[in-house]
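What follows is a single structure, written as structure tokens, with notes after it.
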Amino acid sequence: MHEIPMGEILERLREIEASRVLIQTPEGLKGEAQALADFLEENGVEAIISGDINYGACDPADTEAKRLGCDALVHLGHSYMRLNLEVPTLFVPAFAKVDVVPALEKNLEEIKTLGKRIAVVTTAQHIHELGNAKEFLEKEGFEVLIGKGDSRVSWPGQVLGCNFSAAKLDTDGVLFIGAGHFHPIGVAVAVKRPTLAVNPYSGDAIWMDREAERLVRKRWAQIAKAMDAERFGVITSTKKGQLRSVEAKRVVKLLREHGKYAKLIVMDHINYPALEGFDFDAYVVVACPRVPIDDYENWGKPVLSPMEVEIVLGLRENYGFDEITGVERGEDEPVGVSLRGVGHYV
């Protein structure tokens with residue numbers, strides 16, 4: 001299902017004379033990670049597999065790799081994110097082995113409902129197919145825009161669960177190509193334009209506008225539950241790409257200025273059971289924007305984003321989706337394996 005260029009990975013590891021590596025993988029690529037470990041060891045490179053859950057390029061195991069005496073980290077399933085890495089790190093996007101055009105062809109009439117001028121976005125797994133999608137749609141009469149995005153992403157047209165900068169264009173609507181709901185729902189909330197998600201695996205198409213409205217209603221319910229809260233725990237993460245200490249301190253200061261009790265909490269894996277002994281009425285997560293959205297039903301207290309707590313304090317009226325933004329991006333990453341870290345551009 002996914003392309004893991006083992007020969008290229010081995011070649012890049014030999015370039016830096018790596019003899020021991022740590023392989024980090026998301027849930028969906030564990031089989032590929034094990035096969036890669038076998039391949040590398042057959043070719044003289046000691047390979048250790050990280051069994052920890054990985055949530056994205058924001059969560060590289062470079063510190064663990066260094067502690068294990070590894071010469072490099074092989075990070076599967078995500079593209080490079082601008083971070084201070086402690087060991088040379090190979091980012092391997094694991095492109096999906098699926099042609100996206102048949103799904104677009106099947107749903108052409110739905111796509112036409114978006115309008116003539118559309119933005120097209122996708123995730124790292126399908127970024128190599130974006131050119132084919134653009135060519136197909138332009139032949140069908142669409143004006144297709146591919147947003148550059150900021151430094152948080154690697155390529156034009158790429159969106160993350162925490163960054164939708166590539167979708168923020170002056171268009172009639174947005175076409176998302178990929179599986180899952182979280183990315184396209186985020187796009188729909190962020191751009192406030194009609195958003196259609198086409199799944200290249202199943203061929204299904206889903207309008208995200210109603211899904212986005214449902215999500216926003218649930219978030220307003222969390223905000224309502226927090227209106228009477230007086231004691232807030234403000235949580236940020238020690239994961240490199242989720243550590244938002246400046247923003248977290250701003251939220252603490254804001255709460256205190258409005259007469260609330262607020263304390264800053266740092267965690268690696270943010271989860272409610274680890275917080276149950278504390279005396280807080282509500283929590284604000286200033287880390288991965290997915291945490292208060294994906295997992296809120298498992299929290300015994302209201303859990304908010306920074307924008308949502310501003311609504312609680314009367315500083316904001318309209319709902320906004322929390323994002324982690326970057327700066328202007330220079331060059332795009334190569335479409336494939338990217339080597340970054342010590343001794344390389346970081």
*Determine whether more than 12 heavy atoms belonging to other residues, nucleotides or ligands lie under 6.0 Å from atom CD of Gln34.*
no
*Quick one: sort the Tyr261 and Phe280 rings into parallel, tilted or perpendicular, breaks at 30° and 60°.*
tilted
*Please report the shortest heavy-atom distance between Val303 and Arg219, naming the atom on each side.*
O-NH2, 2.7 Å
*Does NZ or CZ of Arg290 lie under 6.0 Å from the centre of the six-membered ring of Phe182, at an angle within 45° of the ring axis?*
yes
*asked:* Does Glu317 have more than 12 heavy atoms from other residues, nucleotides or ligands lying within 6.0 Å of its CD?
replied: no
*How close do Arg20 and Val45 get, heavy atom to heavy atom, and via which atoms?*
N-CG1, 4.4 Å
*More than 12 non-hydrogen atoms from neighbouring residues, nucleotides or ligands closer than 6.0 Å to NZ on Lys225, yes or no?*
no
*What class does the angle between the rings of Tyr283 and Trp299 fall in, given that below 30° is parallel, 30 to 60° is tilted and above 60° is perpendicular?*
perpendicular
_Gap separating the SG atom of Cys288 from the CG atom of Leu160, nearest 0.5 angstrom_ = 10.0 Å
_For Ser245 against Thr236, the heavy-atom pair lying closest together_ = N-OG1, 4.3 Å
_Around atom CD of Glu328, are there more than 12 heavy atoms from other residues, nucleotides or ligands closer than 6.0 Å?_
no
*Please report the closest heavy-atom contact between Leu40 and Leu10, naming both atoms and the distance.*
CD2-CD1, 4.1 Å
*Can a salt bridge be assigned to the pair Lys240 and Asp59 using a cut-off of 4.0 Å between side-chain N and carboxylate O?*
no
*Between the side chains of Ser79 and Gln158, is a donor N or O closer than 3.5 angstrom to an acceptor N or O?*
yes
*Between Lys116 and Glu143, is there a side-chain N and carboxylate O pair less than 4.0 Å apart?*
no
_Please check this pair: side chain of Arg152 against backbone of Thr325, looking for a donor-acceptor N/O pair closer than 3.5 Å._
no
_Under a 3.5 Å threshold, yes or no: a donor from one side chain and an acceptor from the other, between Thr63 and Glu86?_
yes
_Tell me whether the count of non-hydrogen atoms from other residues, nucleotides or ligands lying under 6.0 Å of NZ in Lys253 goes above 12._
no
*asked:* Could you check whether any side-chain N or O of Asn107 sits under 3.5 Å from a backbone N or O of Glu110, counting only pairs where one atom can act as donor and the other as acceptor?
replied: no
*Any salt bridge between Arg214 and Glu211, counting N to O under 4.0 Å?*
yes
*asked:* Using modelled atom types and a 3.5 Å cut-off, is there a donor and acceptor pairing between side-chain atoms of Lys148 and backbone atoms of Arg329?
replied: yes
*If you draw a 6.0 Å radius around CD in Glu15, do more than 12 non-hydrogen atoms from other residues or ligands fall strictly inside?*
yes
*In terms of side-chain geometry, is the basic nitrogen of Glu64 or Arg67 positioned less than 4.0 Å from the acidic oxygen of its partner?*
no
_Under the ring-ring contact (aromatic ring centres under 6.0 Å, His included) test against His126, which residue among Tyr201, Phe95, Trp155 passes?_
Tyr201
*Between the side chain of Glu41 and the main-chain N/O of Ala47, is any donor-acceptor distance below 3.5 Å?*
yes
*Once the angle between the rings of Phe164 and Phe321 is folded into 0 to 90°, is it parallel (under 30°), tilted (30 to 60°) or perpendicular (over 60°)?*
perpendicular
_Donor-acceptor contact present, side-chain Lys260 to main-chain Ala229, <3.5 Å_ = yes
_Whether the Asp150 and Asn163 side chains hold a donor-acceptor pair (N or O, under 3.5 Å, no angle test) is what I'd like checked._
yes
*Check whether any side-chain N or O of Arg340 sits under 3.5 Å from a backbone N or O of Leu83 as a donor-acceptor pair, and report yes or no.*
no
*Considering residues at least two apart in sequence or located in another chain, which fulfil the salt bridge (Lys or Arg N to Asp or Glu O under 4.0 Å) criterion with Asp281?*
none
